[in-house]
Amino acid sequence: MKAPLPILRGDTFYIRRKVPARYSAVESRSIIQISLHTDSPKIATRKAQDVWAELVESWECKLEGNDAEAEARYEAAMTLAARFQTH
């Protein structure tokens with residue numbers, strides 16, 4: 001599964017992507033939109049890949065019934081997205 005391309009809105013990059021049908025049973029949102037808290041295209045691209053990977057792992061854990069691990073993965077994704085990076 002390809003990582004999402006970051007989208008620039010104003011001066012901040014975001015991830016905006018449709019949730020794959022495979023995860024519709026465990027994710028109520030049909031579209032995910034997450035701020036990457038950066039205006040750098042290079043940083044946004046790297047963060048988008050990492051954040052998306054953690055989200056997918058979170059959904060996989062939910063499908064397996066491992067809610068504690070799913071929550072930890074989701075929190076990791078949000079922490080990665082919010083982390084300030086300069087290069």
Side-chain angles (χ1 to χ4, degrees):
M1 185 179 312
K2 289 179 13 178
L5 295 176
I7 298 169
L8 184 62
R9 291 186 57 210
D11 61 354
T12 303
F13 281 95
Y14 287 78
I15 290 175
R16 180 175 165 82
R17 186 155 179 191
K18 185 175 179 180
V19 174
R22 172 177 167 78
Y23 306 117
S24 63
V26 295
E27 176 58 64
S28 60
R29 298 171 289 181
S30 60
I31 295 178
I32 297 292
Q33 182 167 307
I34 300 169
S35 174
L36 297 172
H37 301 278
T38 186
D39 60 356
S40 166
K42 183 178 177 181
I43 293 171
T45 300
R46 186 173 54 238
K47 286 176 82 171
Q49 293 171 356
D50 294 344
V51 169
W52 185 253
E54 287 294 335
L55 286 173
V56 169
E57 286 299 319
S58 170
W59 296 326
E60 286 292 334
C61 289
K62 280 187 179 183
L63 286 175
E64 294 171 1
N66 189 346
D67 292 341
E69 179 69 17
E71 184 63 29
R73 293 288 189 157
Y74 181 80
E75 289 301 320
M78 296 304 103
T79 299
L80 284 169
R83 183 178 296 143
F84 179 75
Q85 294 177 326
T86 57
H87 25 293

Subject >> Close side-chain approach of Val56 to Arg73, heavy-atom, < 4.5 Å >> reply: no

**OP:** Measure the spacing between CG of Leu8 and OG of Ser40 and express it to the nearest 0.5 Å.
**Re:** 11.0 Å

**OP:** Please round to the nearest 0.5 Å and tell me the distance separating atom CZ of Arg17 and atom CD1 of Ile7.
**Re:** 10.5 Å

Original post:
Is it the case that more than 12 heavy atoms not belonging to Leu5 sit under 6.0 Å from its CG atom?
Top reply: no

Subject >> Qualifying residues under side chain to side chain donor-acceptor pair (under 3.5 Å), relative to Arg9, sequence neighbours excluded >> reply: none

**OP:** Please name the pair of heavy atoms, one in Ala82 and one in His37, separated by the smallest distance, quoted to 0.1 Å.
**Re:** CA-CD2, 3.3 Å

**OP:** Check whether any side-chain heavy atom of Ile31 sits under 4.5 Å from a side-chain heavy atom of Arg16, and report yes or no.
**Re:** yes

Subject >> Closest heavy-atom pair and its distance - Pro6, Leu36 >> reply: CB-CD1, 4.1 Å

**OP:** State whether the side chain of Thr12 and the backbone N or O of Thr38 hold a donor-acceptor pair below 3.5 Å, judged by distance alone.
**Re:** no

**OP:** Supply the atom-to-atom distance Thr79 OG1 to Tyr74 OH, rounded to the nearest 0.5 angstrom.
**Re:** 10.5 Å

**OP:** Write down the atom of Glu69, the atom of Asn66, and the distance for their closest heavy-atom approach.
**Re:** N-OD1, 3.2 Å

Subject >> Any Leu55 side-chain heavy atom under 4.5 Å of Met78 side chain >> reply: yes

Original post:
How long is the gap from CD on Glu75 to OG on Ser58, to the nearest 0.5 Å?
Top reply: 9.5 Å

Original post:
If you take all heavy atoms of Phe13 and Pro41, which pair is closest and at what distance?
Top reply: CE1-N, 3.6 Å

Original post:
For the hydrophobic clusters of this structure (ILVMFWY residues joined by side-chain heavy atoms under 4.5 Å, transitively), does one cluster hold both Trp52 and Tyr14?
Top reply: no

**OP:** Only counting residues at least two apart or in another chain, list the ones meeting salt bridge (Lys or Arg N to Asp or Glu O under 4.0 Å) with Glu57.
**Re:** none

Original post:
Do you know which two heavy atoms are closest between Pro4 and Ala48, and how far apart they sit?
Top reply: O-CB, 3.6 Å

**OP:** Mind listing the closest non-hydrogen atom pair of Ala81 and Ser35 along with its distance?
**Re:** CB-O, 3.5 Å

Original post:
For the atom pair CD (Glu54) and CG (Asp50), what is the distance rounded to the nearest 0.5 Å?
Top reply: 8.0 Å

Which side-chain N or O atoms in residues 19-27 pair as donor and acceptor under 3.5 Å with protein atoms at least two apart or in another chain?
from: Arg22; atom 1: NE; to: Glu60; atom 2: OE2; distance (Å): 2.9
from: Arg22; atom 1: NH2; to: Glu60; atom 2: OE1; distance (Å): 2.9
from: Arg22; atom 1: NH2; to: Glu60; atom 2: OE2; distance (Å): 3.1
from: Tyr23; atom 1: OH; to: Glu60; atom 2: OE2; distance (Å): 2.6
from: Ser24; atom 1: OG; to: Ala21; atom 2: O; distance (Å): 3.0
from: Glu27; atom 1: OE1; to: Arg29; atom 2: NH2; distance (Å): 3.4
from: Glu27; atom 1: OE1; to: Trp59; atom 2: NE1; distance (Å): 3.0
from: Glu27; atom 1: OE2; to: Arg29; atom 2: N; distance (Å): 3.2
from: Glu27; atom 1: OE2; to: Arg29; atom 2: NE; distance (Å): 2.8

